[in-house]
Amino acid sequence: LAPPTQCQWDTLNFFCGGFCSPTIDDNTISADILSSIPWTHQPFCVDALSNTEARKLCVYSVDTFNENTGFSLIATPGTAAHLVSTGAVHHGPATWRSRHFINYGGRPASDNTDLAYKINQVVGKGIGVVATRLIKTSDVFMVSFPAMIVDNSLIPSLFNEGSSPTAEGPRLFQRALDQLTDRERLTSLAKSWGAKNLHVVDDVIRTNAFGLEIDGRGHKGLFPEIARMNHGCDPKKAHLPLISASIRYDERTLGMIARATRDIKPGEEIQISYIPLGLPQASRARALRNWGFECTCSLCTAPPADREASDSRRARLGEIRRTFGAMTAGEVRLTYNEFRALSHEIVSIAERERLTTMMVEINQELTRMWYQAGVYDEAVRYARTAVKSAKAYSDTRTEFFQGLRRNLIILEGLAAEA
Ligand SMILES: C[S@@+](CC[C@H](N)C(=O)[O-])C[C@H]1O[C@@H](n2cnc3c(N)ncnc32)[C@H](O)[C@@H]1O
């Protein structure tokens, strides 16, 4: 076998299994490169933005992406090359054809007759996503592909209130928008329509974007169908997860995948969490301010005594996790019994707070810690629960899930030998 090709931008040669994509910008384009890249427009670049560490940001577009709705990327040439070399820019449309999960702007795709949801007006929240038939726990009911992905350095105003947007921002946003085949799919998400001097893309990003990492850099992705899902938690039924759906970014296809974390009945609005699970009330309210609405879900509007009880459980959960961090760093030592009691306590708090999708993370952490403590039968117990919880909402073909399974098998072997 020939050694994998070294990519200019990939000095560790981490991603290139022989399928490399050259870094291109508006100066380096040539006829032979053109035949190997998916972009259908010449890159448009700006140099060293004053307030970012990116040396160059370019707009890349491919208008055949996602059944010709188009995709624009505003990123460094290195990020663009990385995305091309993963095959994602090519794979997206094929995946779309094989999975009929999309309905954009409320218009059903033409060959798609059996969607599990519709995009509709919902009381008090603008547009939302409503189930049209029974969606079973762990079913994928929607896969949305990006209209645009933007390097975080272009939107500093999002993180630093009061700072002015990068001067080059509107120019890049406009170019990226102009090069989309279906612009309305993105612009229909806008709220202020040019008010406050905000470019329409910037406006859409503020309340609709999902954070994602590409090749170690932070980006914001606009997935117009998934973006129609509102934030919310469910009626107070103690045996059900607090949130009815979870989403996951699949870097192999650029798809954002929505999966049910419990059975969802026809007519129910499907909601996700915009913020990390497990936060207490005040932090939730602060975090949600970015989206400009007051949380009215069952947890936020529960009687004060219930909210306080929930807050103190969540504060305790945070405290235990910090203790685990200190243990890992070697700053705190606990006895076997103390650690065992804390392990039980954190799991029972997460269950009580119905933080179902967080159970994987917690059980994974406990697996690692019991393994490091050399207590393999306890590690096996938590590894089993991590696999079981992950099955409920993640794709079992993912590297992540397979990793959990492999860990379990290794630990079972160690426990049997011990
Ligand atoms: C990602 S969009 C969701 C789709 C949006 N409702 C629409 O009409 O396009 C986020 C925006 O939806 C609204 N929203 C989301 N969850 C909400 C909730 N629980 N209550 C009220 N408004 C909500 C807010 O205006 C928020 O900025």
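Every number for a ligand or one of its atoms is a count from 1 in the order of the listing.
Results of the side-chain contact (heavy atoms from CB on, under 4.5 Å) test with M358 over L317, L242, N363 single out L317 as the only residue that passes.
With 3.5 Å as the limit, one finds a donor-acceptor pair spanning the side chains of N230 and E269. Side chains of T40 and D63: a donor-acceptor N/O pair is present below 3.5 angstrom, by distance only. R406 and Q402 share no side-chain donor-acceptor pair at under 3.5 Å.
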List ligand 1's nitrogen or oxygen atoms that come under 3.5 Å of a protein nitrogen or oxygen, with the partner atom and distance.
residue, atom, partner, partner atom, Å
ligand 1, 6 (N), K125, O, 2.6
ligand 1, 6 (N), I127, O, 2.7
ligand 1, 6 (N), N230, OD1, 2.8
ligand 1, 8 (O), I127, N, 2.7
ligand 1, 9 (O), R228, NH1, 2.6
ligand 1, 12 (O), N230, OD1, 3.4
ligand 1, 14 (N), N230, OD1, 3.4
ligand 1, 16 (N), H231, N, 3.0
ligand 1, 19 (N), H231, O, 2.7
ligand 1, 25 (O), K191, NZ, 3.0
ligand 1, 27 (O), K191, NZ, 2.7
ligand 1, 27 (O), W291, O, 2.6

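Residues forming a ring pair (Phe, Tyr, Trp, His ring centres under 6.0 Å) with F173 (at least two apart in sequence, or on another chain): H199.
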Exercise for review: Start with the C-alpha gap between Q364 and R368, add the side-chain angles, then the distance that decides, and say whether side-chain hydrogen bond (donor to acceptor under 3.5 Å, both in side chains) holds.
Suggested key: CA-CA 6 Å; Q364 230 185 335; R368 179 184 54 75; over 6 Å; no
